[in-house]
Amino acid sequence: ERPWLGASALPAHCVSLLPDFLPLKCDACERIFCTDHVAYAQHDCTSAYKKDVQVPVCPLCNTPVPVRRGEMPDVVVGEHIDRDCKSDPAQRKRKIFTNKCMKPGCKQKEMMKVICDQCHKNYCLKHRHPLDHDCSGAGRPLSKAG
């Protein structure tokens, strides 16, 4: 009936559902499909990674952000905005949080300095109390009440 189709070239459900089937070849795996199943996701194409490569663009600076296989594009673009983005809003956001916590191992930054009254070092809100950062201050009482 359709000499241009091989017996196993077309999924059976495509032939039975579409009486005037127009064959379309998947550009990745080169198998034949109907219009409903030619998309990579619709036929679980095992070769889609060869063709379905998308490079997200930063919404602030319009720069393409390369994404490695297996990485989430949203996460990579977010990291780009936090670190490398050259747009004004991203740079302003980065410059706000410049006061790094002095507690070893903590990478938290705060908008304002939080100076310990005893050791006079800068800490994040989590480590601001002398007991939370192993204070090396003058050994005065931890509070005026004590």
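Computed from a predicted structure; not experimentally measured.
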How about Asp134 and Lys103: do any of their side-chain heavy atoms sit closer than 4.5 Å?
-> yes
Would you say Cys119 and Pro130 make side-chain contact, with heavy atoms under 4.5 Å?
->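 No, too far: nothing below the 4.5 Å cut-off.
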Under the side-chain hydrogen bond (donor to acceptor under 3.5 Å, both in side chains) test, residues paired with Asp27 that sit two or more places apart |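 Counting only residues at least two positions away or on another chain, Asp27 forms a side-chain hydrogen bond (donor to acceptor under 3.5 Å, both in side chains) with Tyr40.
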What's the spacing between Lys86 NZ and Cys61 SG if we round to 0.5 Å?
-> 9.0 Å
Which heavy atom in [X] sits nearest to a heavy atom in [Y], and how many Å separate them?
{"X": "Cys58", "Y": "Ile81", "result": "SG-CG1, 4.0 Å"}
{"X": "Pro59", "Y": "Val77", "result": "CD-CG1, 3.9 Å"}
{"X": "Ser47", "Y": "Ala28", "result": "O-CB, 3.4 Å"}
{"X": "Pro64", "Y": "Val55", "result": "CB-CG1, 3.8 Å"}

Backbone N/O of Lys100 and side chain of Asn122: donor-acceptor pair under 3.5 Å =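 Indeed, once roles are kept as given, a pair shorter than 3.5 Å links the two residues.
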Any donor-acceptor pair under 3.5 Å from His127 side chain to His133 backbone =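 No; zero donor-acceptor contacts below 3.5 Å.
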Output all residues satisfying side-chain contact (heavy atoms from CB on, under 4.5 Å) with [X], sequence neighbours left out; order by chain, then residue number.
{"X": "Lys25", "answer": "Glu30, Ile32"}
{"X": "Val75", "answer": "Met72, Glu79"}
{"X": "Val76", "answer": "Val65, Val67, Glu71"}

Partners passing ring pair (Phe, Tyr, Trp, His ring centres under 6.0 Å) against His43 (at least two apart in sequence or in another chain) |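 Residues passing ring pair (Phe, Tyr, Trp, His ring centres under 6.0 Å) with His43: Phe33.
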Who else is in the cluster with Tyr123 when I, L, V, M, F, W and Y are joined by side-chain contacts under 4.5 Å?
-> Met102
CA sep, side-chain torsions, deciding dist, call: Asn99, Val114, side-chain contact (heavy atoms from CB on, under 4.5 Å) | CA-CA 8 Å; Asn99 300 296; Val114 182; over 6 Å; no
Return yes when atom NZ of Lys121 has more than 12 non-hydrogen atoms of other residues, nucleotides or ligands closer than 6.0 Å, and no otherwise.
->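 It does not: Lys121 NZ has 12 such atoms or fewer within range.
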Where do Arg31 and Cys45 land on the side-chain contact (heavy atoms from CB on, under 4.5 Å) test, with the steps shown first?
-> CA-CA 9 Å; Arg31 292 179 15 216; Cys45 185; over 6 Å; no
